[in-house]
Amino acid sequence: MAGVLPSNVSFFMQRLQGVSTSHFKIHPQTDGNQTSGKIVRFELASNTLLNLRNTRLFFNANTAGAGTSMPNDVSSFIERVAVYMGGVLVQNGFQGYNVLKHAKAALAGSKCSSTLGHPEIVRKISYHNGATFANADPETYKTNGTESFCIDNWDGLLGTLEPSIVDTGLFPQITLELTLADDTVCPISAGRVLPDGTGTAANHFDKTSTTANPTYVLSQMTLQCEVLGMATSVLDQIVEQRIASVGYLSMPFKNYYTFVSTHVGTSRFNVNSASWDRLWLAYRPTTYSTKSAPKIVSGYKKAGAFVDDAAGQTAADIDIGVPQYDTGGVLDTNKERYISNYFKFKEIASVAADPAYFQLQVNSANIPAYRMTTPEAYAMSMGALDMYDKNHKLTLDQYRKDFFVQCYRFCLPESDFNRLASGLDTRSVSAMGSLTTENIASCNLHMFAECTAELRLGSGRAIEIIG
């Protein structure tokens, strides 16, 4: 019956007995405190059934420099992620892994955990441990493991390899290499008082500190992996039969390539891939890497609303802030929200009153066939996503001022769910891309080419990458 009728009207159950699960903690090759620019390597467990989706990076994080705060999303600390197998680079260690994570979150919503992550910037009282930071304090936490942070969602091979459960005994030694980001991912403020949006008061949260520089330290980094066991040889037999009949196992995953440009009118790039699926564009001010105070997201609270602490006097009145949009806050803006200047994506118009236009060309073919305005580009970008958080609220004003990211799709919708490589095949003739804009001033432009790569695994732990 199960083979004739679809699953939603069929009565059947499958059973697999003898399954066991366990978890391992892996320490880095170089232990101790890790700072900006350091490279941290982990060797994944060998000869096991490893669940790559459940790979978790734990660490303690602290900042230094008066007024320094951790950035929103703990993935901000990771500049590059590379995966080696037997010394062969499999996942490209592309520049700007943290920028890509924020660019995807701008459109699809953040996946950073609210419990073990750091999804929002802390102003004065930490939601992670309830501690209160004084005006000149950096954001700090205990280093004994009781206040650890965790990265549990990954882009690239760890998060997209299919199947996600692999027998590492079939692979050469798998090594995960992480490069830590620049210190300026951390915002630094002159104080922790609720800002008024002007950044003029000496101790306001949106005024940049001139007396210190932001730094961070990650310590006690460990990688925790889920390992499975099956009391059956069926999987081994299937693998052997597949390699014997075809010669290899085909395992698709997402690979990324970065192109960075100081964009003035036109930016060019080229992509050579078997399946180029998407192009992500993140626009930032050219001053993104200078030290800066946290930036208030458009529409959220600034100073200006007070409540009486005691009737008849004003000395102890409490400033609870008022949203930039309607008082009371529409679209869930009746709260504080800040982002790091390093990850502020913005439409920088040459003439504020005039519309901006965007046109992408690939080998002289226009994609789409017309110049897009900003609203059209946003609608096109959301149509390019296969999944997004429906509770993620974003206004057009916020999109333009804080989350200006675009996404072009070149593959069939929902290809990722079906392990279908349907993007542009540019191996024989490299795709020459050109992005042309009108009424966009000089800005930093990060371009990420999202490609479906194929990892072919043969007998004797032989591997081949079809990119």
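- Of all heavy-atom pairs spanning Gly130 and Ile125, the tightest one is O-CG2, 3.9 Å.
- By the 4.0 Å N-to-carboxylate-O rule, Glu79 lies too far from Lys38 to be salt-bridged with it.
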Working note: Tyr257 + Phe94, criterion ring-ring contact (aromatic ring centres under 6.0 Å, His included); need CA distance, chi angles, decisive distance, verdict.
CA-CA 6 Å; Tyr257 301 91; Phe94 62 95; 8.4 Å; no

Could you walk me through whether Glu139 and His118 pass the side chain to side chain donor-acceptor pair (under 3.5 Å) check?
CA-CA 12 Å; Glu139 187 177 353; His118 195 271; 2.8 Å; yes

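- Contact check for Phe133 versus Arg192: side-chain heavy atoms found under the 4.5 Å cut-off.
- Side-chain atoms of Leu331 and Thr395, non-hydrogen and from C-beta on, do get closer than 4.5 Å to each other.
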Trace of the side chain to side chain contact (heavy atoms under 4.5 Å, CB included) decision for Gln34 with Met221
CA-CA 9 Å; Gln34 309 295 339; Met221 299 183 72; 3.6 Å; yes

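- A side-chain N or O of Ser250 and one of Glu454 form a donor-acceptor pair less than 3.5 Å apart.
- Distance check: Asp332 CG to Asn391 CG gives 10.0 Å after rounding to the nearest 0.5 Å.
- Rounding to the nearest 0.5 Å places CZ of Arg41 at 7.0 Å from OH of Tyr84.
- In this structure, the side chains of Met70 and Tyr141 come closer than 4.5 Å at one or more pairs of heavy atoms.
- Remark: side-chain polar atoms of Ser415 are not paired, donor with acceptor, to backbone N or O of Cys411 under 3.5 angstrom.
- Checking side-chain atoms of Gln398 against main-chain N and O of Ser298 turns up a donor-acceptor pair under 3.5 Å.
- In this structure the side chain of Leu249 reaches within 4.5 angstrom of the side chain of Val239, judged on heavy atoms.
- Side-chain N or O atoms of Asn255 include one that pairs as donor or acceptor with a backbone N or O of Asn92 at under 3.5 Å.
- Exactly one of Val40, Val74, Thr222 qualifies for a side-chain contact (heavy atoms from CB on, under 4.5 Å) with Phe59. That residue is Val74.
- Here the CG atom belonging to Asp152 is positioned 10.0 Å from the CG atom belonging to Leu57, to the nearest 0.5 angstrom.
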Please evaluate residues Phe404 and Phe345 with respect to the criterion ring-ring contact (aromatic ring centres under 6.0 Å, His included), reporting the C-alpha separation (whole Å), side-chain torsions for both, the decisive distance (0.1 Å), and the verdict.
CA-CA 5 Å; Phe404 195 59; Phe345 307 120; 9.5 Å; no

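- Side-chain atoms of Thr63 and Thr68 form no donor-acceptor pair, as typed in the model, at a separation below 3.5 Å.
- Under the 3.5 Å distance criterion, the side-chain polar atoms of Asp416 are left unmatched by any main-chain donor or acceptor of Thr160.
- You'll find the side chain of Phe343 stays beyond 4.5 Å of the side chain of Asp73, heavy atoms only.
- Note: His23 NE2 to Asn51 CG = 9.0 Å, rounded to the nearest 0.5 Å.
- Using a distance-only test at 3.5 Å, with no hydrogens or angles considered, a donor-acceptor pair links the side chain of Lys301 to the main chain of Ile320.
- The shortest distance between side-chain heavy atoms of Tyr388 and Leu107 does not fall below 4.5 Å.
- No donor-acceptor distance shorter than 3.5 angstrom exists from the side chain of Asn270 to the backbone of Ser430, with no hydrogens or angles considered.
- Arg278 and Asp386 are joined by a salt bridge, as a carboxylate oxygen and a charged side-chain nitrogen come within less than 4.0 angstrom of each other.
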Checking Lys254 against Asp155 for the salt bridge (Lys or Arg N to Asp or Glu O under 4.0 Å) test, could you report, in this order, the C-alpha distance in whole Å, the side-chain angles of both residues, the deciding distance, and whether it holds?
CA-CA 8 Å; Lys254 291 294 185 182; Asp155 274 307; over 6 Å; no

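- A donor atom on one side chain and an acceptor atom on the other are found under 3.5 Å apart for Asp397 and Tyr325.
- Taking CD from Glu450 and OH from Tyr256, the interatomic distance works out to 4.0 Å, rounded to the nearest 0.5 Å.
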ring-ring contact (aromatic ring centres under 6.0 Å, His included) between Tyr216 and Phe77, intermediate numbers included
CA-CA 9 Å; Tyr216 69 86; Phe77 292 121; 4.7 Å; yes

Going through the distances and angles, do Tyr283 and His446 end up as a ring-ring contact (aromatic ring centres under 6.0 Å, His included)?
CA-CA 7 Å; Tyr283 300 77; His446 259 64; over 10 Å; no

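- Looking at Leu457 and Tyr248, their side chains never come closer than 4.5 Å, going by heavy atoms from C-beta outward.
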Assess the residue pair Ile188 and Asn213 against the criterion (side chain to side chain contact (heavy atoms under 4.5 Å, CB included)); give the C-alpha distance rounded to whole Å, side-chain angles, the decisive distance to 0.1 Å, and a yes or no.
CA-CA 7 Å; Ile188 185 167; Asn213 292 313; 5.6 Å; no

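- Using a distance-only test at 3.5 Å, with no hydrogens or angles considered, a donor-acceptor pair links the side chain of Trp154 to the main chain of Thr55.
- Atom CG of residue Asn60 and atom OG of residue Ser219 lie 4.0 Å apart, to the nearest 0.5 angstrom.
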Apply side chain to side chain contact (heavy atoms under 4.5 Å, CB included) to the pair Leu44 and Phe171, showing each step before the final yes or no.
CA-CA 11 Å; Leu44 301 189; Phe171 295 83; over 6 Å; no

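- Shown here is Arg461, whose CZ atom has more than 12 heavy atoms of other residues, nucleotides or ligands within 6.0 Å.
- At distances below 3.5 Å, at least one donor-acceptor pair connects side-chain atoms of Thr168 with backbone N or O atoms of Asn47.
- Between the side chain of Tyr127 and the backbone N or O of Glu120 there is at least one donor-acceptor pair closer than 3.5 Å.
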Using the rule given for side chain to side chain donor-acceptor pair (under 3.5 Å), can you reason through Lys142 versus Asn129, listing the C-alpha separation, both sets of side-chain angles and the distance that settles it, and then say yes or no?
CA-CA 10 Å; Lys142 294 179 181 179; Asn129 64 356; over 6 Å; no

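- In this structure, Arg419 fails the cation-pi test against Phe253, since its NZ or CZ atom is not both closer than 6.0 Å to the six-membered ring centre and inside 45 degrees of the ring normal.
- A side-chain contact (heavy atoms from CB on, under 4.5 Å) with Leu279 is found for exactly one of Val362, Leu360, Ile367, Leu435, namely Leu360.
- At least one cation-pi condition fails for Arg80 and Tyr97: the charged atom is not both under 6.0 angstrom from the six-membered ring centre and inside a 45 degree cone around its axis.
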Do Gln173 and Glu43 pass the side chain to side chain contact (heavy atoms under 4.5 Å, CB included) test, and can you show the C-alpha distance, the side-chain angles, and the key distance before you say yes or no?
CA-CA 7 Å; Gln173 178 60 55; Glu43 289 191 353; 3.5 Å; yes

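- Considering only heavy atoms from C-beta on, Leu157 comes within 4.5 Å of Met85 through its side chain.
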